[in-house]
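So the structure is just underneath, and the comments pick up after that.
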Amino acid sequence: MRSRWQLSQKSIKRAYAAVSPVYDLVFDRIFSPGRVEAIKLMGIGPDDRILDVGIGTGLNLPLYPRHRQLVGIDISGKMLRKAHERIRELNASYVRLAVMDAMQMGFQDNSFDHVLATYVISVVPDPIQVLQEIRRVCRPKGHIIIVNHFKSEHPIMGRIEGLMAPLITRTGLFKPDLQLTPLLEEVGLVPDQIHRVNLFSGWRLIQCSNSKETTPDRAPPKGGTHVR
Ligand SMILES: C[S@@+](CC[C@H](N)C(=O)[O-])C[C@H]1O[C@@H](n2cnc3c(N)ncnc32)[C@H](O)[C@@H]1O
């Protein structure tokens with residue numbers, strides 16, 4: 001499942017620091033249908049705890065119901081600076097943001113009812129580790145929603161994405177040849193539904209219920225955060 005081309009944390013941080021001033025111009029409109037559908041599917045209740053992984057500049061923020069327990073994390077301080085500006089514009093001071101690595105989150109087990117990751121899973125050095133962390137911090141039967149581009153199953157498109165992978169991966173922006181099925185199998189996520197979204201139906205929205213045993217909460221990692 002792992003391709004030869006891996007993103008490095010250094011190149012990701014550099015890339016997103018560079019694109020942060022123009023990110024919204026490129027990613028707002030094009031990726032909006034996936035965001036809207038994902039947040040609608042979450043079915044957020046009044047007291048639900050929500051984690052937005054790799055929240056970036058916070059383009060999802062206006063779509064959530066207001067006054068919810070919402071936490072956003074991202075590895076890029078520059079992207080989060082934009083998200084802070086958006087929080088001010090939206091008058092949404094109840095949203096909490098933290099610079100945090102999604103591969104090693106500082107939250108207690110079962111801290112969230114919903115975990116959303118839009119356009120992030122192919123932007124991390126180790127997608128398996130991120131999904132394992134998402135499963136850990138999401139409560140049993142909680143909702144996990146991923147929106148992302150995955151390697152096409154069409155033989156020609158898949159081949160083109162494979163050929164482009166070395167070049168694009170080196171930019172630190174994303175990895176075009178991440179395969180969906182082996183990834184889900186490796187982390188034991190069974191989708192309730194998969195939709196195709198966005199331009200040319202080129203992205204997939206995956207909704208899963210977090211099927212794990214209820215375990216006693218472990219202490220959060222050093223410096224970790226209790227939600228609620
Ligand atoms: C394509 S952007 C998506 C941002 C946002 N989710 C959206 O829908 O617009 C990918 C984001 O993932 C963040 N990211 C990459 N690696 C990360 C990691 N290990 N932990 C947390 N965030 C990460 C990047 O900094 C960037 O903000």
Side-chain angles (χ1 to χ4, degrees), residues 6-42 50-64 70-87 90 95-107 112 114-137 144-150 168-176 178 183 187 197-199 202-206 221 223-225:
Q6 303 299 337
L7 289 159
S8 75
Q9 196 81 290
K10 198 171 152 199
S11 67
I12 295 165
K13 284 188 189 169
R14 195 175 44 218
Y16 282 91
V19 300
S20 62
V22 293
Y23 180 87
D24 292 359
L25 292 176
V26 181
F27 287 88
D28 190 358
R29 286 270 178 89
I30 302 178
F31 289 170
S32 171
R35 302 173 193 292
V36 171
E37 197 171 332
I39 293 178
K40 211 186 287 170
L41 272 180
M42 286 163 83
I50 307 153
L51 174 64
D52 192 317
V53 176
I55 192 168
T57 61
L59 285 172
N60 292 340
L61 287 173
L63 305 172
Y64 289 109
L70 175 53
V71 180
I73 62 161
D74 202 285
I75 200 76
S76 165
K78 289 266 171 63
M79 293 290 275
L80 282 185
R81 198 177 296 170
K82 292 275 171 190
H84 276 292
E85 283 170 21
R86 197 179 307 278
I87 285 173
L90 293 169
V95 178
R96 287 189 288 147
L97 298 178
V99 176
M100 194 185 287
D101 184 353
M103 295 189 294
Q104 212 176 356
M105 297 189 215
F107 301 115
F112 298 96
H114 309 266
V115 182
L116 175 65
T118 51
Y119 315 112
V120 174
I121 294 301
S122 59
V123 185
V124 292
D126 191 340
I128 293 173
Q129 205 178 323
V130 171
L131 287 177
Q132 284 168 342
E133 274 295 86
I134 286 177
R135 292 202 65 193
R136 181 183 70 77
V137 301
I144 296 174
I145 300 200
I146 312 293
V147 184
N148 216 85
H149 170 79
F150 291 95
I168 296 182
T169 306
R170 210 169 296 142
T171 65
L173 287 172
F174 71 105
K175 206 170 115 51
L178 182 65
L183 179 65
V187 290
V197 291
N198 295 343
L199 196 65
W203 283 257
R204 277 173 270 186
L205 186 163
I206 299 117
T225 309

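Every number for a ligand or one of its atoms is a count from 1 in the order of the listing. As the structure is a computational prediction, the values presented were derived from the model and not from experiment.
The distance criterion of under 3.5 Å between nitrogen or oxygen atoms is not met by D52 with respect to ligand 1. Of the polar atoms of R35, at least one N or O is found under 3.5 Å from an N or O of ligand 1, judged by distance alone.
Contact annotation for Q9 and ligand 1: only side-chain heavy atoms (C-beta onward) come within less than 4.0 Å of the ligand. Counting heavy atoms closer than 4.0 Å to ligand 1, residue I73 contributes nothing at all. At a 4.0 Å heavy-atom cut-off, ligand 1 touches I12 through the side chain alone.
Within a 6.0 Å sphere centred on CD of Q9, other residues, nucleotides and ligands contribute more than 12 heavy atoms.
Shortest contact from atom 5 (C) of ligand 1 to any protein heavy atom: G54 O, 3.2 Å. Looking only at heavy atoms of the protein, atom 27 (O) of ligand 1 is closest to D74 OD2, 2.7 Å. Protein heavy atom closest to atom 16 (N) of ligand 1, with residue, atom name and distance, is V123 O, 3.2 Å.
Without hydrogens or angle criteria, N148 side chain to I121 main chain gives a donor-acceptor distance under 3.5 Å. Of the possible polar contacts, none joining the R170 side chain to the S11 backbone as a donor-acceptor pair under 3.5 Å is found. Panel note: side chain D74, backbone L80; no donor-acceptor pair is recorded below 3.5 Å. Checking side-chain atoms of R86 against main-chain N and O of P62 turns up no donor-acceptor pair under 3.5 Å.
Those atoms of ligand 1 that come under 4.0 Å of a heavy atom in Y119, given as number and element, are 1 (C), 2 (S), 3 (C), 8 (O), 10 (C). Atoms of ligand 1 lying under 4.0 Å from at least one heavy atom of M100, given by number and element, are 20 (N), 21 (C). Atoms of ligand 1 found under 4.0 Å from any heavy atom of A102 (numbered from 1 in listed order, with element): 18 (C), 19 (N), 20 (N), 21 (C). Close contacts between ligand 1 and S76 involve ligand atoms 25 (O) [criterion: under 4.0 Å to a heavy atom]. Less than 4.0 angstrom separates some heavy atom of D101 from each of these atoms of ligand 1: 18 (C), 19 (N), 20 (N).
Distance check, rounded to the nearest 0.5 Å: CG of N198 to CH2 of W203 gives 6.0 Å. Note that the CD1 atom of I73 and the CZ atom of F107 stand 5.5 Å from one another [nearest 0.5 Å].
K82 and S20 make their closest contact through CE-O, 3.8 Å (heavy atoms, listed as atom of the first residue, atom of the second, distance).
A parallel orientation is assigned to the rings of Y119 and F31, their planes being inclined by less than 30° (bins at 30° and 60°).
Heavy-atom proximity to atom 3 (C) of ligand 1, evaluated over F27, F31, Y16, Y23, is greatest for Y23. When the heavy-atom distances from atom 14 (N) of ligand 1 to L173, I75, V99, V53 are ranked, the shortest goes to I75.
When the side-chain contact (heavy atoms from CB on, under 4.5 Å) test is applied to E37, the partners found at least two apart in sequence or on another chain are H195, V197, L205.
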